[in-house]
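Notes to accompany the following structure.
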Amino acid sequence: MNFSLYIAKRYLFSPGSSNAINIITGIAAAGVVIGAMSLFIVLSGFAGLKDFSLQFSNYFDPDLKLFPTSGKTFTFTQTQKEKLTQLKGVANFSEIIEERVFLEFRDKQKTAYIKGVGPNYHKVIHTDSIMALGEWLKDNDFQVIAGSGISRELSMGVEQAYTNLLSIYVPKPGKGIPNDPTKAFRSEKVVNTGIYSVNEELDQKYIFGTVGLTRKLLELPENKVTHIELKLAPEATEEVVIEGLQFIFKDDVVIKNRIQLNDTLYKMLNTENLVSYLVLTLIAIIALFNVAGAIIMMIIDKKGNLKTLYNVGASLSGIRKIFLLQGSLMTVLGTLLGLFIGFVIIALQQQYGLLMITPSLPYPTRITPMSFVVVFFTITIIGFVASLLASSRINHKLVT
């Protein structure tokens, strides 16, 4: 093996007998470098895009969220509150009451959802991170915080005085069409004291109010909630906390973590990442089979040397190993160079924003150890297979 490796390195770094051989070898080496670089850049780009897409869920979604097993609400008793407060691993929690409502401000209307939150909600979600204007809810049942999309549609700003009020309507439960339409809805008038901004979808969907306001609007009992949102302590183990929650609430709730709350988004991003990886790998396979072509041309070019090696005692398998190692070395070195160039490009993108999505937003990227591992093994395995196929063309007829 040492003999084969020595000859392989000599063949790899010494020029061939003709310019055509050198050009073909150079193209093959460049294909390896470009393939590794491109794959690394794409994987880093998708890692950054995934972080960028999911950062909104980090702002808005809790660590754990409890849903009713059936129906819209479930019972949250005082005893359960005390047990939840004492549950190890839970830093804070907030009661949530959520319902679809109809909004009216001056002469404009819109349907949305009201999300009634408890006084500890700002400790579950970093509300300061999503506030665009005004301040978060105080202990006042007649104040709400609207999304920026809702604010635009209703032409509603941050109101400083209780003069321009927002009307919130919710249908009363019952069957049939009431004779008096004015009695078909419960309503409350509130003032919008702040505007939040997360993303386009959420900004169009929610207004925030207190649990008291929402419970009054829906005429819910004091022990009824639609959800409970929890923030875990830094040292908490999610599985242990979930077991504790199941013990407290029995079979009354379904518990979801942040990934499960955004299951569709995670699946979409992972699918896009996989498809892009497979497409680029296919392109890399096509490019790396230039290595096989270069090895075959090198075999032809070194035919006289191979006969000499065979005559002085080199085995046929040893000669094959020479070109297998030559192709493998070309692939490994090209992959390392491609990874280095790709790393430099991504680092420059992160530092200087070479590619911009908008004038103020550079394309997001993230360098991960897994990207290096995936690219290295993908390219080197393809290069090894290509070299193996090329070196297997050497037979007794060629060396005798």
Side-chain angles (χ1 to χ4, degrees), residues 49-77 79-101 112-127 129-130 147 196 198-209 211 214-215 218 220 223-273:
L49 187 62
K50 185 175 181 180
D51 288 348
F52 180 76
S53 300
L54 294 174
Q55 69 177 332
F56 303 113
S57 69
N58 294 334
Y59 293 148
F60 197 81
D61 292 326
D63 295 328
L64 292 175
K65 188 170 183 177
L66 278 59
F67 296 79
T69 304
S70 60
K72 288 187 175 182
T73 63
F74 63 94
T75 302
F76 187 31
T77 65
T79 302
Q80 290 173 326
K81 287 182 184 180
E82 293 172 359
K83 289 181 178 179
L84 186 55
T85 302
Q86 297 169 5
L87 183 61
K88 187 177 180 181
V90 175
N92 278 291
F93 68 90
S94 174
E95 302 173 52
I96 305 293
I97 300 176
E98 187 175 314
E99 186 55 87
R100 192 176 184 90
V101 294
Y113 283 84
I114 186 169
K115 185 168 183 175
V117 298
N120 287 334
Y121 186 73
H122 68 284
K123 298 179 181 178
V124 177
I125 300 297
H126 296 296
T127 53
S129 301
I130 66 174
Y196 74 87
V198 181
N199 60 34
E200 185 176 353
E201 179 185 356
L202 294 173
D203 296 349
Q204 295 271 2
K205 185 175 181 180
Y206 288 108
I207 63 169
F208 286 94
V211 168
T214 316
R215 185 170 277 126
L218 301 177
L220 280 180
N223 63 349
K224 292 290 185 180
V225 296
T226 57
H227 309 99
I228 298 174
E229 297 188 1
L230 296 90
K231 180 177 181 59
L232 301 184
E235 71 280 0
T237 303
E238 185 178 284
E239 293 76 11
V240 174
V241 174
I242 290 176
E243 288 180 6
L245 293 172
Q246 290 171 339
F247 177 78
I248 294 172
F249 293 95
K250 308 304 179 185
D251 297 326
D252 294 335
V253 299
V254 175
I255 305 167
K256 292 186 179 182
N257 58 23
R258 185 175 287 129
I259 294 177
Q260 292 167 330
L261 290 171
N262 297 277
D263 186 51
T264 302
L265 179 59
Y266 273 89
K267 286 182 179 178
M268 181 189 71
L269 292 172
N270 289 335
T271 301
E272 288 180 350
N273 198 358

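Sequence positions, counted from 1, serve as the residue numbers for this chain. Everything numeric here is computed off the predicted structure, so don't read it as measured data.
- Remark: D203 pairs with no residue by the salt bridge (Lys or Arg N to Asp or Glu O under 4.0 Å) rule, at least two apart or across chains.
- Once rounded to the nearest 0.5 Å, the distance linking CD1 of I248 with CG of L87 reads 5.0 Å.
- Looking only at side-chain heavy atoms (C-beta outward), K50 and E272 stay at 4.5 Å or farther from each other.
- Residue pairs meeting the salt bridge (charged side-chain N to carboxylate O under 4.0 Å, His left out) criterion with at least one member in residues 255-265, sequence neighbours excluded: D63-R258, D263-K267.
- Between atom CG of residue L64 and atom CG of residue L261 there is a gap of 8.5 Å, rounded to the nearest 0.5 Å.
- Between V253 and T69 the shortest heavy-atom distance is N-OG1, 3.1 Å.
- Distance check, rounded to the nearest 0.5 Å: CZ of F74 to CG of D251 gives 13.5 Å.
- Checking side-chain atoms of T226 against main-chain N and O of T73 turns up no donor-acceptor pair under 3.5 Å.
- Summarising the geometry of Q246 relative to I255, their closest heavy-atom pair is CG-CD1, 3.8 Å, with the distance given to 0.1 Å.
- Nearest heavy atoms, P62 versus V124: CB-CG1, 4.0 Å.
- A heavy-atom distance below 4.5 Å is not found between the side chains of V211 and V225.
- Across all their heavy atoms, G89 and A236 have their closest contact at O-CB, 3.3 Å.
- Of all the heavy atoms in F93 and K81, the pair that sits closest is CZ-O, 4.2 Å.
- Between atom CD of residue E95 and atom OG1 of residue T214 there is a gap of 11.0 Å, rounded to the nearest 0.5 Å.
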Original post:
Can you list the steps and then say if T85 with V90 is a side-chain contact (heavy atoms from CB on, under 4.5 Å)?
Top reply: CA-CA 7 Å; T85 302; V90 175; over 6 Å; no
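- Residues satisfying the salt bridge (Lys or Arg N to Asp or Glu O under 4.0 Å) test with K72, not counting sequence neighbours, are E99.
- Using a 4.5 Å heavy-atom threshold, the side chains of L202 and I130 count as separate.
- A heavy-atom distance below 4.5 Å is found between the side chains of Q260 and N257.
- For K250, there are no salt bridge (Lys or Arg N to Asp or Glu O under 4.0 Å) partners, not counting sequence neighbours.
- Looking only at side-chain heavy atoms (C-beta outward), K231 and K123 stay at 4.5 Å or farther from each other.
- Here the side chains of V198 and Y206 are not in contact, with every heavy-atom distance at 4.5 Å or above.
- Under a cut-off of 6.0 angstrom, the local environment of CD in E200 is sparse, with at most 12 non-hydrogen atoms contributed by other residues, nucleotides or ligands.
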Validation: residues 114-121 side-chain donor-acceptor distances under 3.5 Å, sequence neighbours left out:
residue : atom : partner : partner atom : Å
K115    : NZ   : E229    : OE2          : 2.9

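- Residues forming a salt bridge (Lys or Arg N to Asp or Glu O under 4.0 Å) with D252 (at least two apart in sequence, or on another chain): none.
- Within the 4.5 Å cutoff, side-chain heavy atoms of F249 are placed close to those of I228.
- Note that CG of N262 and CZ of F60 are 10.5 Å apart. Values are rounded to the nearest 0.5 Å.
- One finds the CD atom of E82 at 8.5 Å from the OG1 atom of T77 (value rounded to the nearest 0.5 Å).
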